[in-house]
Novice: 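Encoded as structure tokens, here's the structure I'll be asking about.
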Amino acid sequence: MIRPRSISGMRELLPAEQITFNHYRDIVRKHFELTGALPLRTSAFELREVIAAKEEVNNSNIEKQIYGVHRLAASNNETDFALRFDLTIPMARFVAQHASKLIFPFRRYQIQPVWRGERAQSGRYREFIQCDIDIIGDQTLNLINDAELPIIIDSIFKDMNIGPFQIRMSNRKLLGGLLLNTGIPASSIANALRLIDKIEKVGQDEIRKQFFQKYKLKDKQVDLIIAYTSLRGPADEVIDKLLTLVAQSHKTNETYMIGIKELTTVSKIVYSLGLTPNSFILDLSVARGLSYYTGTVYETTLTNHPTIGSICSGGRYDNLANLYSNRKLPGVGMSIGLTRLIIHLMDQGLLQQEKPNIAPVLIIVFNPSHLGRYLSIARTLRQAGIATEIATEHAKVSQQFKYADRKGFRLAIIAGEKEFISGIYQVKDMTTRSQILVNNAKLVETIRKILAY
RNA sequence: GCGGGUGUAGCUCAGGUGGUUAGAGCGCCAGAUUGUGGCUCUGGAGGUCGUGGGUUCAAACCCCAUCAUUCGCCCCA
């Protein structure tokens, strides 16, 4: 016998947990669709060359986290397929491939699993569900879209009612331009940005040391980088300080000034649409590790659960589709790590426990010789849209009630000899234990009323 | 891929420095209760002590290996 076990880092849920998970997934989908986003599904496999588009991958160490797939398990052939690592790359491939059939701006959402080859630990899985929303433009894409995403994310987390959260935004043009000014070569900017992204985790001293060692910067230059990346708070305050810093430093460049302008424009729109610094701030230490981001970048954390890490992040990528098409298709998107978020809160006991049950009604089988009648009642209720089960597996009525209780049915319908003769059934509320008599002709109507359908 | 912790019943764990037939709580099953669940009481099932080897008169306990799992690093949702 093979000991049944699942693979580490690939969390499977019990039905009650899955019901909870689906509830939150449905909230995400609802808000995505409220903004007009269209559903997209891509396959779990991609061609390896599509996923491992070279420059991007080599730059961010992603390659060793991609699962290769053999065409057939029995063959020793090269692994020319791979499991997708995220949903952004497959989406970029899809849009490039079908650009002539899509209507731009193309706004799509995608809620599917992705796979990453790493060691599992708390909040980190090898298989997890991402919820992506992206907007892709043809040739250009208005900055309004960069502002709209935090609004959508804000509405989702508010609707989920999972406590305070903070969406932090920055801009890679600003950070990249700043780094260029210090003399770091263009080819090293992506790595230097990844270093900045770690400030919060490893601390300023470590970052300082690394900038000295790796890029041979002078004290003044590192001071400047630290000063910039320490800026964090409400957008108007951060931008004020930013402009002061700009005035103090002598060097500027175009990229850098564009970055400031973008950051200003986007945050103004975000606040004008009703977000407050409670849930949305600027944080210039946010840089993101993935090198395809070219402008706006976002990172989101739950205020009361900093250890989970980021639960939603994304950014603007003006050139991602270039890997797959000559057409210029700039995009901006965000991705919610739903598995990380929900499973953590669930394990902490912070989400409402659902019953492992979908149907509200259970029909008690008092007398198995009347099974046909019970089936007929179930059919009537189901046709009326009321999910119904029949307790066929327990001989004793007491066992049937125990089953009803454990599984969490709202109502039990009780009918035996007496009831079939009179045509009046008993409907029992499992929570209050009270029973009412209902004429079988009014059964659907009464149950609908009780369940508030 | 690298480093640390942990593997005893379905689950959570107890088993001072090795010593006879390995325990508890919860859960599960049955009965008390043959037309009504949660509470209570009684009884019951369930263990190659992760696996393999070694030390010893004797190993759940000590040693080695291996596997699994978990936390951290890298990376990231």
Side-chain angles (χ1 to χ4, degrees), chain A residues 1 3-11 14 28 57 59-66 84-88 111-132 153 191 194-195 197-198 201-202 206 286-291 293 298-302 305 307-315 333-344 347 355 362-368 370 391 394-420 425-435:
Chain A
M1 191 168 71
R3 187 168 69 88
R5 57 203 194 276
S6 50
I7 295 171
S8 158
M10 301 197 174
R11 176 74 178 258
L14 291 167
V28 174
V57 168
N59 234 335
S60 53
N61 235 346
I62 287 173
E63 182 140 50
K64 57 182 186 186
Q65 292 192 42
I66 292 174
R84 61 169 169 248
F85 169 92
D86 68 6
L87 298 176
T88 312
I111 300 176
Q112 288 192 268
V114 303
W115 293 268
R116 294 190 186 177
E118 52 186 334
R119 297 298 294 268
Q121 51 183 273
S122 74
R124 291 180 39 187
Y125 299 88
R126 286 167 160 169
E127 176 184 70
F128 58 95
I129 306 285
Q130 284 195 320
C131 312
D132 274 39
I153 297 303
N191 281 325
R194 203 163 301 124
L195 200 54
D197 198 51
K198 286 182 196 160
K201 194 165 184 181
V202 302
E206 178 63 26
V286 171
R288 309 286 291 124
L290 293 170
S291 51
Y293 293 116
Y298 320 91
E299 197 80 65
T300 311
T301 43
L302 276 186
H305 305 274
T307 52
I308 317 181
S310 179
I311 53 166
C312 172
S313 62
M334 288 186 89
S335 175
I336 299 173
L338 198 63
T339 302
R340 167 178 284 185
L341 174 65
I342 298 306
I343 290 184
H344 176 86
D347 288 349
K355 289 285 189 178
L362 179 71
I363 296 172
I364 301 294
V365 178
F366 254 113
N367 185 342
H370 288 304
H394 299 282
K396 290 184 166 183
V397 170
S398 67
Q399 289 174 319
Q400 296 181 31
F401 275 100
K402 194 171 182 189
Y403 171 74
D405 184 50
R406 289 186 54 197
K407 217 176 155 187
F409 286 92
R410 289 274 322 277
L411 300 174
I413 294 178
I414 302 151
E417 254 359 290
K418 229 165 56 184
E419 287 79 4
F420 286 128
Y425 303 153
Q426 302 185 49
V427 174
K428 175 166 184 164
D429 185 319
M430 293 300 293
T431 322
T432 64
R433 315 190 84 171
S434 63
Q435 291 184 198

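The shown structure was predicted, so the numbers you read here are calculated from the model rather than taken from an experiment. Each chain gets a letter, A, B and so on, in the order the sequences are listed, and its residues count up from 1.
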Novice: Within the structure shown, what part of the strands sits under 4.0 Å from A:Tyr125 by heavy-atom distance: base, sugar-phosphate, or nothing?
Specialist: base
Novice: Would you mind telling me which residue lines up with the more 5' stretch of RNA chain B, A:Ser335 or A:Gln121, judged by nearest nucleotide?
Specialist: A:Gln121
Novice: Touch check for A:Ile414, heavy atoms < 4.0 angstrom, all strands: base, sugar-phosphate only, or nothing?
Specialist: base
Novice: Check the side chains of A:Asp132 and A:Ser335 for a donor-acceptor pair under 3.5 angstrom, ignoring hydrogens and angles.
Specialist: yes
Novice: Using a cut-off of under 3.5 Å, enumerate the N/O to N/O pairs linking the protein to nucleotides 26-31 of chain B.
Specialist:
residue : atom : partner  : partner atom : Å
B:rA30  : OP1  : A:Gln399 : NE2          : 3.2
B:rG31  : OP1  : A:Lys396 : NZ           : 3.2
B:rG31  : OP2  : A:Lys396 : NZ           : 3.3

Novice: Identify, between A:Gln426 and A:Thr339, the residue whose nearest nucleotide on RNA chain B lies closer to the 5' end.
Specialist: A:Gln426
Novice: For B:rG35, does OP1 or OP2 lie under 4.0 Å from any side-chain N or O of A:Ser398?
Specialist: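 For B:rG35, OP1/OP2 do not have a side-chain N/O of A:Ser398 under 4.0 Å.
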Novice: Could you tell me which residues satisfy salt bridge (charged side-chain N to carboxylate O under 4.0 Å, His left out) with A:Arg288, sequence neighbours excluded, listed by chain and number?
Specialist: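 For A:Arg288, the residues satisfying salt bridge (charged side-chain N to carboxylate O under 4.0 Å, His left out) (neighbours in sequence not counted) are A:Glu299.
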Novice: So what does A:Gly123 hit on the nucleic acid, given a heavy-atom distance under 4.0 Å: a base, only sugar-phosphate, or nothing?
Specialist: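 Base contact.
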Novice: Ring-plane angle category for A:Tyr403 and A:Phe409, please: parallel below 30°, perpendicular beyond 60°, tilted otherwise.
Specialist: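 A:Tyr403 vs A:Phe409 ring planes: tilted.
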Novice: Give one of base, sugar-phosphate or nothing for A:Gln130, where a contact means two heavy atoms less than 4.0 Å apart.
Specialist: sugar-phosphate
Novice: Students often get this wrong, so: under 4.0 angstrom with heavy atoms, is A:Cys312 touching a base, only sugar-phosphate, or nothing?
Specialist: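 The residue A:Cys312 makes sugar-phosphate contact but no base contact.
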Novice: Is any side-chain N or O of A:Gln435 under 3.5 Å from a base N or O of B:rU36, one able to act as donor and the other as acceptor?
Specialist: yes
Novice: Quick one: is B:rC76 close enough that its OP1 or OP2 comes under 4.0 Å of any side-chain N or O from A:Ser310?
Specialist: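 A:Ser310 to B:rC76 OP1/OP2: no side-chain N or O under 4.0 Å.
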Novice: May I ask you to say what A:Arg126 touches in the nucleic acid, namely base, sugar-phosphate or nothing, with a heavy-atom cut-off under 4.0 Å?
Specialist: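 Contact class for A:Arg126: none.
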Novice: What's the gap between B:rC11 and B:rC28 when it is taken at their C1' atoms, as a whole Å value?
Specialist: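 After rounding to an integer number of Å, I get 11 Å for this pair.
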Novice: With a non-hydrogen cut-off below 4.0 angstrom, is A:Lys407 in contact with a base, only sugar-phosphate, or nothing?
Specialist: nothing
Novice: NA contact type, A:Glu419, heavy-atom cut-off 4.0 Å: base, sugar-phosphate, or nothing?
Specialist: base
Novice: Please tell me whether A:Asn367 and A:Glu417 have a donor and an acceptor in their side chains that are separated by less than 3.5 angstrom.
Specialist: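 Yes, because at least one side-chain N or O of A:Asn367 sits under 3.5 Å from a partner of the opposite role on A:Glu417.
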Novice: Any idea which of B:rU69, B:rA77, B:rU36 is nearest the A:Arg288 side chain?
Specialist: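 Output: B:rA77.
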